[in-house]
Structure formats: C-alpha cells, structure tokens
Amino acid sequence: MPSETKGHGSLANHGHGHKPGQEHEPSSNRKQVKGHAVTPKAKKTKPQDKKDKKDDEPSSTYNGEAAVMHANNETIIVPCESRDPEDEGHHGSEAREDDVGGRREEIRESPREKREYKRSSVTPSNFNVREFNSNMGEFIRTLDDPRYSQVDLDYPVDDLVSVVGMVTKSVNDYRMHTSDTQDQLEHLRDTMRNIRENLHFSVTRQAMDLRTDETNQTQEERDLHAKLAHLNAALAQANADVTEALRLATETQSTAVKANLAAEKAKEETRRIQEEIEKREKAEQKRKEEESRRNEEQRRQKEEQERRLQEETKRKEEEWKRREAQQGDKSSHTFDSWTPIEYEHVNEHGETEVTCIARGQPGSVDKHSFQCHVASEKEALVTYLPNEELISNVVDLTSPSGEEELKSPVYVAIPHVLTRTSAQSREAVVKAMVEGEWRDLPTRDVTFDSHKDIKFAQAEVRHLTTLIVMSRFKRDYVTLAPNKSHKLTSSFDQRITLTLDKDTLTKKEHFLLQVQPVDTATVQEYRAREPSGKGLLTSSSIVYTQWETTSFKKQIQITLPCPPNPAKAKKMALARKLKEEKMKQPIKPQVNIEDQQRENKREKKVVQEYNEAETSPAKVTKWYMGEYGNTDDDETDKLHLVYMQAGRWALEPAVTFKQLKVDVLGFSLDYPVERFMVLRTRTTVTDDVVLNIVTGLNDSLGKRFVEAVIRQKTDNPFEVALQVTPVSRLDTVVKHLAQRGFESGPAPSHVLCLHEGDLIEVGFSGNIECSDEVPETLIYKSNVPTVAFFTVREENRFRQKDHDVYSGLVSLTRKFMATPQKGRKGQDDTEQREWRREQLCTLQVNIPKYHIEPNTEPLRAPVHAVEAQGPIDKDLLMDIADQLGDEWKKVAHHLGVHRARVQAIVRNVTVGERPGREAKYEMLVTWIKSAAKALDKVSVLSAALVNSDRYDLAETVKERGREFNGYRQGHMTAVN
C-alpha cells in the first residue's frame with residue numbers, strides 16, 4: 001500500500017492536471033513543507049500557464065515595518081509587533097519554503113500598532129491551500145503576541161475582533177473547499193470503479209473468444225493477462241489513493257470544524273473580555289466618582305466639624321464666663337421684681353401642690369400664656385447620667401394654641417426635694433427636652449416668701465418644652481491661663497486643692513472640677529458586704545477632673561483629705577480626751593506623790609506613742625496568720641494613689657505622699673487623668689487587690705440598697721399601697737403609710753440592690769389579681785417616692801376553700817440594660833446593649849372572704865337524742881356539751897366517732913354560723929344513736945371523759961348513773 005506521502009503526491013498530481021498514466025517523479029525530488037508532500041513545478045509549462053501559476057502563488061515582501069502577502073488578488077498587511085531581543089533573534093528572520101516555486105522568503109516582524117486585512121471573495125474553485133496555510137501561520141503568530149494574552153485597560157479589543165472575524169471566514173472557506181473536494185473524490189472513485197468493471201468485462205470476453213483458436217491462444221492470452229494485471233494494479237493504486245484522499249479530506253473537514261469551534265470560542269472569549277473591560281471601566285469610573293463624592297463629603301464634614309468646634313469653643317468660652325460669674329454672684333436681678341405666676345396640681349393623695357412658678361416681663365406673660373401639668377416619667381423618657389438623681393416632678397409646658405416659641409423669655413422655678421445634707425456635695429440643675437435629648441439649662445436656687453419651706457431651681461425658658469430638676473455633684477468651672485500660676489479649691493471641700501505653677505499649660509484651658517464624697521459609713525458598709533474589702537481601712541473622696549490638654553510641662557501639686565488609720569484615730573481621741581479632762585479640772589486635789597508620778601508616766605507614755613505614730617514611718621509587722629493576723633489595733637497601713645484613664649482604674653506606683661495634717665495628704669501628678677482617689681489599706685494588701693477594692697467601691701457608690709413595703713388599708717384591705725424605699729427611710733415610710741390608713745400587711749422584703757432610674761415590673765400570681773390599672777413598671781428614685789396604689793381581688797372564689805382568706809403573691813422584677821462582654825481580639829467590639837430581667841422579691845397579700853356571700857346551710861334531718869329509759873338523756877348531753885372545750889374531739893375519738901364524721905359536723909356548723917356547742921352536742925348524739933342498747937353507756941362515756949382529762953364531767957356522769965340505779969331499785973321494791 002502506498003505511503004501517506006506518496007498518496008498525497010498522487011492527489012497533488014491529479015489535482016494539477018496530470019494524466020493517470022503519467023509516471024510519477026521520484027519521491028526524492030519532492031520537498032517537504034511543514035510535514036506535507038509538495039510536487040515540484042513541472043518542467044514544461046506554457047508562458048500563459050506560468051503567468052496564471054504565478055498569480056495563484058502567494059508571495060510576500062517586507063518593507064521594514066510590515067509583511068505584505070499577495071494571493072488571488074488579495075493583499076494582507078501583517079504589521080509586526082515589538083518583541084524582546086530574544087524573541088527578535090528567534091523570530092526576526094524566519095525562512096519559509098515556497099510550495100510552488102521551491103524558493104524561500106524571509107518574513108521579518110517589527111513593531112506596529114495595527115493590522116489590516118483586505119480580502120476578495122473566495123469560492124471552492126479558486127481556493128488556494130498554500131495561501132490558507134500561510135494565512136493560518138500569520139494568524140497564529142498574531143494571536144501569540146503578548147498584547148492579546150495580557151488583559152488590561154488598553155486591551156486591543158477592536159483588533160482582536162477583526163482577526164477573529166477573518167479567522168472564522170478563512171475556516172468557513174476551507175470547510176467549503178474540503179466539502180467540494182470530498183464530493184469530487186467520491187465521484188472520481190465511482191467513475192474508476194465503473195472503468196475497472198468495464199475493462200474486466202472486456203478482457204474476460206476477449207479471453208473467451210481467443211480460446212477457440214488454440215494456436216494463437218497462448219501468446220495473446222498472455223498479453224491480455226499482462227495488460228489486465230497492469231490495469232488492475234493501476235486501478236488498485238488509484239483506488240488506494242482515492243481512499244487515502246477521502247480519509248484526509250474527512251480529517252481535514254473535522255479539523256475545519258474544530259477550527260471553527262475554536263474561532264467561535266475565541267469570539268465568545270473576545271466578547272467576554274470586552275464585557276469584562278467595559279465592566280472594569282464602569283467600576284473604575286464608579287470608584288472614581290465614589291471616591292470623589294467621599295472626598296467631597298469628608299471635606300464638607302471636616303468643614304462642618306471645624307465650624308462646630310469653633311462654635312463649641314465659643315459657646316464653652318461664654319458658658320465658662322457665665323458660670324464663673326454665677327458662682328460668686330449673689331446680687332439681685334431684674335426678674336426678682338416681676339410678679340410670680342403659680343401653677344398647681346392635685347397629687348394622688350388629693351393634696352394640692354405647687355407645680356412651678358413662672359415669671360415674665362410685665363404685660364407679656366400671664367397665667368393663660370401657657371399651661372403647666374405634671375407628666376409621667378415614662379412619657380417624658382427621663383434618662384439618668386452617672387451620679388444623677390431626679391429630685392422633682394416632670395413638668396410639661398404646653399400652649400393652648402400649639403405654639404412652642406415664646407414671645408419673650410420666661411423664668412420657670414420648679415420645686416425640688418434636695419435635702420440640706422445632700423446640698424453640701426450636690427447641686428440642683430434644670431434640664432429641658434431639646435430635639436429629643438435632655439440638655440442642661442443655666443440654673444439658680446431661688447426662694448419665695450409664699451413658700452419659704454420649699455426649695456426651687458429656676459431656669460430661663462425660651463421654648464415650651466418638658467422640664468425636670470436633677471441633682472449632681474457640685475461643679476467648679478475655671479479658666480486657666482498658661483502664663484500664670486493657679487491654685488484651684490473645691491467648693492465642696494476647701495482642703496481639696498490643685499496648684500499649677502507658671503507655664504504648666506501650653507494654651508488656655510477650660511477646667512472642670514467635681515468631687516464625689518466617700519464617707520466612713522460607706523466604707524464600713526462596703527467592708528461588711530464585700531469580702532474583698534476587708535483590707536480597706538479608709539478612703540478619700542473621688543475627684544473628677546476634665547482637662548482639654550493631654551500633658552503637663554510641670555507637675556501639679558494636689559492636697560486631698562484622707563481619714564487616718566482607725567487605730568491611730570482612737571489613740572488621738574484618747575489623748576484629746578485626757579487633755580480636755582486635765583483642762584477642765586480647776587483645783588487639783590491632794591494626791592499621793594507616788595500616784596502622781598505614776599499618772600505622769602502614763603500620760604507621757606501616751607503622748608510619746610502618739611508623737612511616734614505621727615512622725616515615724618509605719619512599720620510592717622510580720623504575721624504568720626495571713627488576714628487573721630490583721631487586727632483593728634494595727635497602726636501600720638499603706639497608701640495607694642489610684643486613677644482612672646480611658647475607663648479603667650490603674651495604680652500609680654511612683655508617688656510620694658506627704659502628711660500635711662492628720663487627715664490631709666499632699667502629692668504630685670505628672671499628667672492629666674479623668675479621676676483619682678487615695679486608699680489607705682493594710683500592709684498585706686497587694687496591688688491587684690487594691691484595684692479590685694477600688695472597682696468594687698466605685699460600683700457600690702452607684703448602688704441603692706432598698707426594701708419593698710406593702711400595706712393594706714385598715715377599713716378596706718382590698719386597697720393596697722406598694723412603695724420601694726431606701727433602707728434608712730423604712731421606718732419613716734411605714735409611719736407615713738399608717739397615717740394614711742395603710743397599717744396592715746406583710747413584713748417588708750429583704751434588702752434589694754437597685755440603681756437610680758431602674759425599671760421595676762409589678763406582677764401578680766396565686767389567687768390574687770389587680771382589679772384596676774396599675775403601672776406596669778415603676779421607676780426607682782431615691783429622693784422622689786416610688787409608690788403605687790391599686791386595688792386587688794380574688795382571681796377564683798372557688799379556690800382556697802379551706803382557708804379563711806384568699807392569698808396571692810405580688811412579685812417585683814428589675815428590668816435593666818445590660819452590655820454583653822466584648823469579643824476576642826480581632827472581633828467586632830461594637831457593644832450591643834439588650835434588656836434583661838432580674839427577680840427581686842415576692843410579697844404575700846391576703847384579702848378576707850367576708851365580701852363573699854356565705855353558702856346556705858345544707859338541708860338535713862334534725863338531730864334528736866333517742867328517748868332512752870336510762871341515765872343518759874338529752875339534758876345530760878346538753879350539759880356536757882356546754883362544759884366541754886377543745887378536748888371534745890379527743891372525747892369523740894375515745895367514744896369511737898369516726899374522724900370524717902367529726903369534720904362533717906364542724907363544716908356544717910361553720911357554714912351555718914351556729915355556735916360551737918351544737919357541734920359538741922351533735923357529736924354526742926351521733927355516738928349515743930350508734931351505740932348498742934345493751935351497752936353500759938355510763939361507763940363508756942365516763943371512761944372517755946377520764947381519758948380526755950375531764951374528771952369532773954366523768955364524776956357527773958357516774959353520779960347520774962348511781963341516781964338512776966337507786967331510783968330503779970326503789971321502784972322495783974315498791975312494785976313487789
């Protein structure tokens with residue numbers, strides 16, 4: 001069978017007009033180009049054929065910038081791309097063989113930005129395979145360029161679409177050419193089959209004719225057989241070539257289909273790349289627009305922030321000046337001469353109280369200018385800042401016309417309940433609801449001659465809104481200059497001072513000072529409640545500071561009072577007492593010299609110990625018993641300076657304390673802090689324990705220890721008063737409720753822990769329910785009574801039949817906002833607050849049943865004693881029933897009366913509201929009716945009475961039996 005190369009050459013010869021019988025040139029003269037066999041150009045060719053041949057052959061030229069291809073009136077300009085030096089050396093000159101003329105041409109590639117293809121229409125008749133292969137090679141080199149493999153914003157989409165379109169067109173032309181070639185090959189094979197059959201038939205017929213002539217048969221037959229064999233071989237070779245050509249045509253068509261699919265895929269990829277580039281361009285444009293908008297927004301926010309900062313600085317400057325002037329200003333003002341306008345309301349007890357007093361410019365404000373009434377806290381949405389307490393009602397100012405703007409300012413004075421003791425460390429401030437939040441108003445304490453026993457807080461109001469009065473720790477506002485020295489003194493305690501030298505600050509400073517007192521009672525209560533506070537001896541007040549600067553150039557000097565060690569305080573008190581007693585003695589009596597010397601030595605010893613305790617440093621006593629080694633007589637202690645920065649307590653180790661006075665310490669501070677305090681502890685307390693102590697003590701200052709009290713009205717137990725009050729005011733609250741008629745009720749609850757402004761939910765359980773509207777939640781306030789009045793009733797009258805009263809429970813639940821713990825490092829630390837509930841206590845409430853109509857007594861047959869002819873008769877049973885007490889049930893037991901019968905007797909007598917004697921009598925009648933006639937009833941009854949310790953009644957029964965027996969015996973004698 002011929003090889004692939006030979007078959008390919010045969011196909012080429014037939015395709016170029018060679019006759020079937022023409023001899024083939026040796027295979028050695030053929031040139032292989034890219035794996036295909038190509039027949040060299042024929043030796044004898046006409047000039048016109050040469051010219052046509054030359055027109056069909058592809059040729060290429062190079063002009064230094066692009067390779068130009070010409071074929072079949074077709075011009076292809078392939079611009080060369082820029083290449084690396086290595087690629088340029090590899091692809092710079094590439095030799096190509098010419099399939100027709102056998103010549104080679106070098107096609108060089110050089111940089112160019114654009115490719116241009118000019119084509120004419122191609123049909124299967126004028127299709128050139130060599131031209132197709134050359135174009136495919138150029139397409140491959142074009143698409144291998146890095147410019148098409150790297151996708152960026154400068155991707156040549158238009159060039160790629162053009163190249164892919166021409167590739168698709170070339171592949172379609174090639175597919176049409178292969179389909180036409182395959183049809184011609186099929187037709188050629190059928191024609192050759194017919195020729196072979198005709199030849200075979202003709203030779204066979206001639207052979208049969210020659211057999212008749214045996215003389216010439218052999219030679220002619222031999223020639224015919226030789227020709228037939230040669231023809232058969234030629235036909236077989238042609239058939240093999242045709243079959244091979246068909247196979248190659250099929251493979252070529254399959255390749256064309258794959259190439260077409262690849263072209264379609266490339267076109268789809270081109271479309272996707274173009275969409276991706278457009279998407280990236282849109283995203284980039286959107287990002288730029290977003291970035292521009294964000295920059296503009298940031299610029300606008302920055303300008304707004306700077307403007308607000310300037311306004312805030314200006315407002316703060318004016319506020320500081322006003323507050324500094326107000327601190328020492330006690331002069332009268334114009335509004336003091338204006339006529340006050342009083343507004344009143346009726347409280348829940350039916351008493352008339354002052355709501356507020358308003359003063360305005362004469363002629364511009366009267367009582368009808370606006371209305372004033374007390375609003376509930378839930379409607380006003382009162383919020384509490386740390387260390388704030390509500391000390392007034394919530395006053396709502398409204399206008400009949402609906403206008404909120406006042407024509408002229410009005411000074412509104414609201415009564416409050418700030419006590420004299422609290423006023424030493426606290427101040428009253430009026431707050432107004434402005435744009436959904438509570439804001440402080442400039443406040444003054446005023447009094448009125450018509451209400452000398454009531455304290456008022458006055459503020460200037462320009463808009464009708466909701467007002468409240470809060471108490472907070474006193475604040476001192478000071479403006480500090482950097483080029484001056486300052487000494488700041490707290491208005492709460494003159495011993496608390498801050499001294500700043502000149503040039504301590506870098507710029508003008510608006511300073512705020514606030515002091516939270518920590519008294520000895522609070523420390524003792526904390527030690528009693530918290531085991532970790534056993535090592536705490538005394539504590540100073542907590543000093544709050546608000547600085548604008550973040551550093552000091554120089555140290556500031558601070559003086560802070562801190563109570564001394566209790567053991568030292570006892571010795572100081574003893575020495576002071578001895579000194580006072582010595583000064584009080586006017587004349588010294590005659591004493592023994594030895595006693596006098598002994599007394600002088602004792603006094604000297606006490607004074608010496610006191611002086612040593614004041615001057616010498618504390619000595620650390622080594623104990624081997626841990627905390628049990630610390631006693632109240634231990635005079636050794638340790639001082640700690642603790643401060644809060646960024647919401648965390650910290651300990652300052654490098655601090656030196658100076659004992660300026662017995663209860664005053666001096667030290668220096670290197671940098672601004674939010675708050676600070678000094679703790680005096682035992683020497684065995686470590687730094688970690690100190691931080692735990694200060695954290696617990698600070699938390700305990702915000703806690704309120706209260707008790708819940710329920711009282712019922714004496715003349716109407718269904719009316720109930722519920723009040724939550726501090727432990728220290730419990731007795732006062734109980735007396736106050738008793739004066740209003742609420743005297744009875746359960747015992748107060750155990751001590752509860754609340755915070756200012758906590759919500760308390762009220763619930764009912766058991767056989768008790770509320771018959772009217774009771775507030776679902778109460779808001780705890782330390783200074784304003786937290787009280788609720790409501791009416792209760794039984795939930796089901798058929799429950800608790802065996803009880804004399806209906807009983808139920810009133811439960812109190814604390815509702816508060818809790819902040820969950822922060823996540824781990826790297827997680828979102830956003831605090832998400834949520835509502836939580838905590839059960840506080842339950843109190844039992846009992847209401848009587850007398851309001852329920854009693855059940856009628858069940859109808860029953862009357863109980864009569866059996867008329868017996870014996871000593872036990874009706875009169876004796878009634879007499880015994882009258883004299884029996886609570887032991888009658890014991891007598892019934894000894895008489896054999898069933899327990900269920902006794903309970904039924906008691907129930908019938910109770911429902912019928914009959915006297916207790918009838919129950920005893922009915923029990924005795926029940927026994928005697930069930931007793932046998934032959935039973936010695938006197939012996940049985942007397943024995944039951946003796947076992948129940950009623951010997952007197954037993955003797956009465958026996959006497960009655962003896963009398964009856966004597967009477968019976970005399971009667972029998974008379975009859976006989």
- Item | Any donor-acceptor N/O pair, N796 side chain to F798 backbone, under 3.5 Å | yes
- Distance under 6.0 Å and angle within 45° of the ring axis: does R837 meet both against F816? no
- Message: List the residues meeting side-chain hydrogen bond (donor to acceptor under 3.5 Å, both in side chains) with E344, not counting sequence neighbours, and say none if there are none.
- Response: none
- Task: Starting at CG of L722, measure out to CZ of F789 and round the result to the nearest 0.5 Å.
- Result: 9.5 Å
- Item | V374 side chain reached by V394 side chain, heavy atoms, under 4.5 Å | no
- Evaluate the criterion salt bridge (Lys or Arg N to Asp or Glu O under 4.0 Å) for residue pair K920 and E918; output intermediate values, then yes/no. CA-CA 5 Å; K920 305 168 190 177; E918 293 191 10; over 6 Å; no
- Task: For the pair E959 and R962, find out whether any cationic side-chain nitrogen is under 4.0 Å from an anionic carboxylate oxygen.
- Result: yes
- Message: Between K849 and E794, does any NZ, NE, NH1 or NH2 come within less than 4.0 Å of an OD or OE carboxylate oxygen?
- Response: no
- Task: Show your reasoning for whether side-chain contact (heavy atoms from CB on, under 4.5 Å) applies to R793 and E769.
- Result: CA-CA 6 Å; R793 65 185 178 188; E769 65 180 4; 3.0 Å; yes
- Message: Rounded to the nearest 0.5 Å, what separates atom CG in L778 from atom CZ in R814?
- Response: 15.0 Å
- N692: partners by side-chain hydrogen bond (donor to acceptor under 3.5 Å, both in side chains), with sequence neighbours left out: none
- Item | Note, S700 side chain near L697 side chain (heavy atom, < 4.5 Å) | yes
- Kindly write out the residues that satisfy side-chain hydrogen bond (donor to acceptor under 3.5 Å, both in side chains) with T791, not counting sequence neighbours, or none if the list is empty. D772
- Message: Contact between Y343 and F370 at the side-chain level, heavy atoms closer than 4.5 Å - yes or no?
- Response: yes
- Item | Beyond-backbone contact of Q712 with I847, side-chain heavy atoms, under 4.5 angstrom | yes
- Query: Hey, does the side chain of T465 reach the backbone of M433 with a donor-acceptor pair shorter than 3.5 angstrom?
  - Reply: yes
- Query: Does a donor on one side chain sit under 3.5 Å from an acceptor on the other, for N767 and E795?
  - Reply: no
- Query: Should K431 and E388 count as an ion pair when the cut-off is N to O under 4.0 Å?
  - Reply: yes
- Query: Heavy atoms, side chains only, cut-off 4.5 Å: are T419 and V417 in contact?
  - Reply: no
- Message: Minimum heavy-atom separation for V469 and S392, please, with both atom names.
- Response: N-OG, 2.9 Å
- Message: Test side-chain contact (heavy atoms from CB on, under 4.5 Å) on V751 and V727; report intermediate values, then the result.
- Response: CA-CA 7 Å; V751 178; V727 177; 4.1 Å; yes
- Item | Test item: T786 and I779 side chains (from C-beta on) under 4.5 Å apart, heavy atoms | no
- Query: Counting only N and O atoms by type, is there a donor-acceptor contact under 3.5 Å from the side chain of N716 to the main-chain atoms of K713?
  - Reply: no
- Task: Sequence neighbours left out, what pairs pass salt bridge (charged side-chain N to carboxylate O under 4.0 Å, His left out) with at least one residue falling in residues 720-744?
- Result: E351-R740
- Message: D949: which residues meet the side-chain hydrogen bond (donor to acceptor under 3.5 Å, both in side chains) condition with it, sequence neighbours left out?
- Response: none
- Query: Do the charged groups of K534 and E530 touch, with an N to O distance under 4.0 Å?
  - Reply: no
- Query: Below 4.0 angstrom, N of the basic side chain to O of the carboxylate: do K781 and E756 qualify?
  - Reply: no
- Task: Tell me, yes or no, whether the heavy-atom count around H898 atom NE2, taken from other residues, nucleotides or ligands under 6.0 Å, exceeds 12.
- Result: no
- I760 CD1 to D758 CG distance, which is reported to the nearest 0.5 Å: 7.0 Å
- Pair E838-K815, salt bridge (Lys or Arg N to Asp or Glu O under 4.0 Å): steps then yes or no: CA-CA 7 Å; E838 176 186 358; K815 183 180 179 181; over 6 Å; no
- Message: Please check this pair: side chain of H803 against backbone of V805, looking for a donor-acceptor N/O pair closer than 3.5 Å.
- Response: no
- Item | Carboxylate-amine/guanidinium contact R960 D875, below 4.0 Å | no
- Item | R711 side chain reached by V720 side chain, heavy atoms, under 4.5 Å | no
- Item | Polar side chain donor-acceptor pair, Q800 to S807, under 3.5 angstrom | no
- Compare all side-chain heavy atoms of I357 with those of F456 and state whether any distance is below 4.5 angstrom. yes
- Note on the structure: Heavy-atom closest pair (A881 atom, L924 atom, distance to 0.1 Å) is N-CD1, 4.2 Å
- Note on the structure: Heavy-atom closest pair (W927 atom, L895 atom, distance to 0.1 Å) is CD1-O, 3.3 Å
- Query: Say you draw a straight line from OH of Y526 to CG of L701; how long is it, rounded to the nearest 0.5 Å?
  - Reply: 10.0 Å
- Query: Between Q723 and H736, does any side-chain donor sit less than 3.5 Å from a side-chain acceptor?
  - Reply: no
- Message: More than 12 heavy atoms of other residues, nucleotides or ligands under 6.0 Å from NE2 of H345: yes or no?
- Response: yes
- Check ion pair E525-K703 (N to O, under 4.0 angstrom): no
- For this output row, return yes or no: ring centroids of F790 and F718 closer than 6.0 angstrom. no
Check: residues 885-892 side-chain donor-acceptor pairs under 3.5 Å, at least two apart:
| residue | atom | partner | partner atom | Å |
| --- | --- | --- | --- | --- |
| E887 | OE2 | G885 | N | 2.9 |
| E887 | OE2 | R950 | NH1 | 2.6 |

